[in-house]
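Lettering of chains follows the sequences in order, A, B, ..., and the numbering in each one begins at 1. Because only heavy atoms are used, hydrogens play no part in the values below, and waters and symmetry mates are left out as well, while side chains stay in.
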Number of protein chains: 2
Amino acid sequence: MTDLLKIWGERLRSEGYRLTRARRAILEALAAGESHMTPEELHRQARRRHRSLGLVTVYRTLALLEKLNLVQRVHQGALSCHSFIAVRLPTGHHHHLVCRTCGRVEEFPDCALDDVLRRLQARTGFAIESHHVEVVGRCPECQ
Amino acid sequence: MTDLLKIWGERLRSEGYRLTRARRAILEALAAGESHMTPEELHRQARRRHRSLGLVTVYRTLALLEKLNLVQRVHQGALSCHSFIAVRLPTGHHHHLVCRTCGRVEEFPDCALDDVLRRLQARTGFAIESHHVEVVGRCPECQ
DNA sequence: ATATTAATGAAAAATTTTTTCAATAAGGCA
DNA sequence: TGCCTTATTGAAAAAATTTTTCATTAATAT
């Protein structure tokens, strides 16, 4: 996890952003989180490291991290549209397998979906640019 | 499209809900829409049929229709978490292919995904219950 | 150390969604 | 048909969420 932090820090720097105390606290909370968190929840967590952290900064930082692809939103049907989770698989495209009970999120790679998409593209004439997959179930512990 | 309306009406009735003027207006707007709409947009459209329709009723009706699986939310990354579109493929599971430019939504069936999910389930130990796929691209007209 | 300027936090504003409640109208039934 | 019951509605208010503004702070290059 410390590894993740370092990588993220470097990434921010290399993009010309400053690595502030507020951002560090938010990144740490994200890296520690096993489950997706709303801005509010993330704020609560991150404040354990940085007491005076404002919720506004959480919103701003999430927007930044989302732009840089360091976090991803978690969608499931109606809910959780505004929950975020750290992106851990650094290489390539991946998706989320979310536990309905404990909220734990597992990343899984893209494999085998390409085929489906290629056929879809051929059949519909759409120029496919991106896709988003989310799978919900119960993790081994929660079953 | 008129067909769709009739089916929806019957479905509401059979579930014990009343087919009111407000709901009819909302259903018509949804059935006519080629693209996903936010509650606000839907309200604007539906009011052309029913002038005094309140936005609250749109929210309530969407919640109901979502519960009955007559509409689905459209997600794409950060945006559109709160946009809805009518479910047209009546049988079985399907997903959305969304045009980035004009917002048009095409439904496509589930085929070939089952395999991917079966393998995922075997590998992770999750009991997979549902999934959500959304593909974004540009439709033939918009390319 | 200092200067530059991006980033922060607080407050206010804007936006979105939900709740409350009295009035209305849908659908069943005589 | 016309009445009765009760789900549904719309308006207003409240709650929740997100964004903007702006003076202050602190991260980084020098």
Side-chain angles (χ1 to χ4, degrees), chain A residues 5-6 8-29 36-68 70-71 73-75 77-84, chain B residues 5-6 8-29 36-68 70-71 73-75 77-84:
Chain A
L5 268 182
K6 211 165 139 190
W8 283 350
E10 279 161 14
R11 179 73 194 289
L12 281 181
R13 290 294 203 66
S14 79
E15 300 276 349
Y17 299 103
R18 293 180 183 175
L19 189 46
T20 63
R21 180 151 177 229
R23 285 179 181 161
R24 233 180 331 250
I26 294 168
L27 290 174
E28 279 173 28
H36 46 118
M37 288 178 276
T38 62
E40 195 93 45
E41 287 163 348
L42 186 55
H43 182 224
R44 197 177 319 121
Q45 291 306 315
R47 264 220 301 195
R48 294 167 34 163
R49 267 119 177 164
H50 180 32
R51 224 46 203 321
S52 65
L53 177 68
L55 178 57
V56 216
T57 300
V58 174
Y59 274 101
R60 285 191 281 227
T61 303
L62 281 172
L64 173 60
L65 296 176
E66 189 174 27
K67 196 171 70 182
L68 298 181
L70 303 181
V71 299
R73 271 169 210 269
V74 176
H75 304 261
L79 281 106
S80 300
C81 286
H82 301 284
S83 284
F84 294 81
Chain B
L5 268 183
K6 212 165 138 188
W8 284 349
E10 279 161 15
R11 178 75 194 287
L12 281 181
R13 290 297 201 67
S14 78
E15 301 275 349
Y17 299 102
R18 293 181 182 172
L19 189 47
T20 62
R21 184 154 173 226
R23 286 180 180 160
R24 236 182 326 255
I26 293 168
L27 289 173
E28 279 173 29
H36 46 117
M37 287 177 275
T38 61
E40 195 92 48
E41 287 163 349
L42 186 55
H43 182 225
R44 198 177 318 120
Q45 290 307 314
R47 263 219 303 197
R48 294 165 36 161
R49 269 119 177 164
H50 179 33
R51 226 42 202 325
S52 64
L53 177 68
L55 177 57
V56 216
T57 299
V58 174
Y59 274 100
R60 286 191 280 229
T61 303
L62 282 172
L64 174 61
L65 296 177
E66 189 174 28
K67 194 171 71 181
L68 298 180
L70 303 180
V71 299
R73 273 169 209 268
V74 175
H75 304 261
L79 281 107
S80 300
C81 286
H82 303 282
S83 283
F84 293 81

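Remark: C1' of dA25(C) and CZ of Arg23(B) are 12 Å apart, rounded to the nearest angstrom. Here the P atom of nucleotide dA11(D) and the CG atom of Leu53(B) are 9 Å apart, to the nearest Å. The distance between atom CD of Glu10(B) and atom P of dG27(C), rounded to the nearest whole Å, is 13 Å. To the nearest angstrom, P of dA7(D) lies 14 Å from CG of Leu64(B). Look at CD on Glu15(A): it is 17 Å from C1' on dA7(C), rounded to the nearest Å.
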Original post:
Tell me, for nucleotides 18-30 of chain D in 5' to 3' order, what letter each nucleotide earns: B for a base near a protein heavy atom under 4.0 Å, S for only sugar-phosphate near one, - for neither?
Top reply: SBBB----BBS--
Residues 40-49 of chain B, side-chain donor-acceptor partners within the protein, below 3.5 Å, at least two apart:
residue, atom, partner, partner atom, Å
Glu41(B), OE1, Thr38(B), N, 2.9
His43(B), NE2, Leu53(B), O, 2.7
His43(B), NE2, Leu55(B), N, 3.4
Arg49(B), NE, Glu28(B), OE1, 3.1

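Remark: Arg11(B) engages Glu15(B) in a salt bridge (charged side-chain N to carboxylate O under 4.0 Å, His left out) (not counting sequence neighbours). Arg18(A) is linked by a side-chain contact (heavy atoms from CB on, under 4.5 Å) to Thr20(A), Arg23(A), counting only residues two or more places apart in sequence or in another chain. A search for side-chain hydrogen bond (donor to acceptor under 3.5 Å, both in side chains) contacts involving Tyr59(B) returns nothing, not counting sequence neighbours.
The side chain of His50(A) places no N or O atom within less than 4.0 Å of a non-bridging phosphate oxygen (OP1 or OP2) of dT8(C).
One distance of note links CG of Leu62(B) with NE2 of His82(B); it measures 12.0 Å at 0.5 Å rounding. Taking CG of Leu65(B) as the reference point, atom CH2 of Trp8(B) lies at 7.5 Å (rounded to 0.5 Å).
Comparing the start and finish of the helix from dA1(C)-dT30(D) to dA30(C)-dT1(D), five pairs each, the helix axis swings through 40°, to the nearest 10 degrees.
Counting heavy atoms from C-beta outward, Thr61(A) and Leu27(A) have side chains that stay 4.5 Å or more apart.
Considering every non-hydrogen atom in both Leu19(B) and Gly9(B), the closest pair reads CD2-CA, 3.9 Å.
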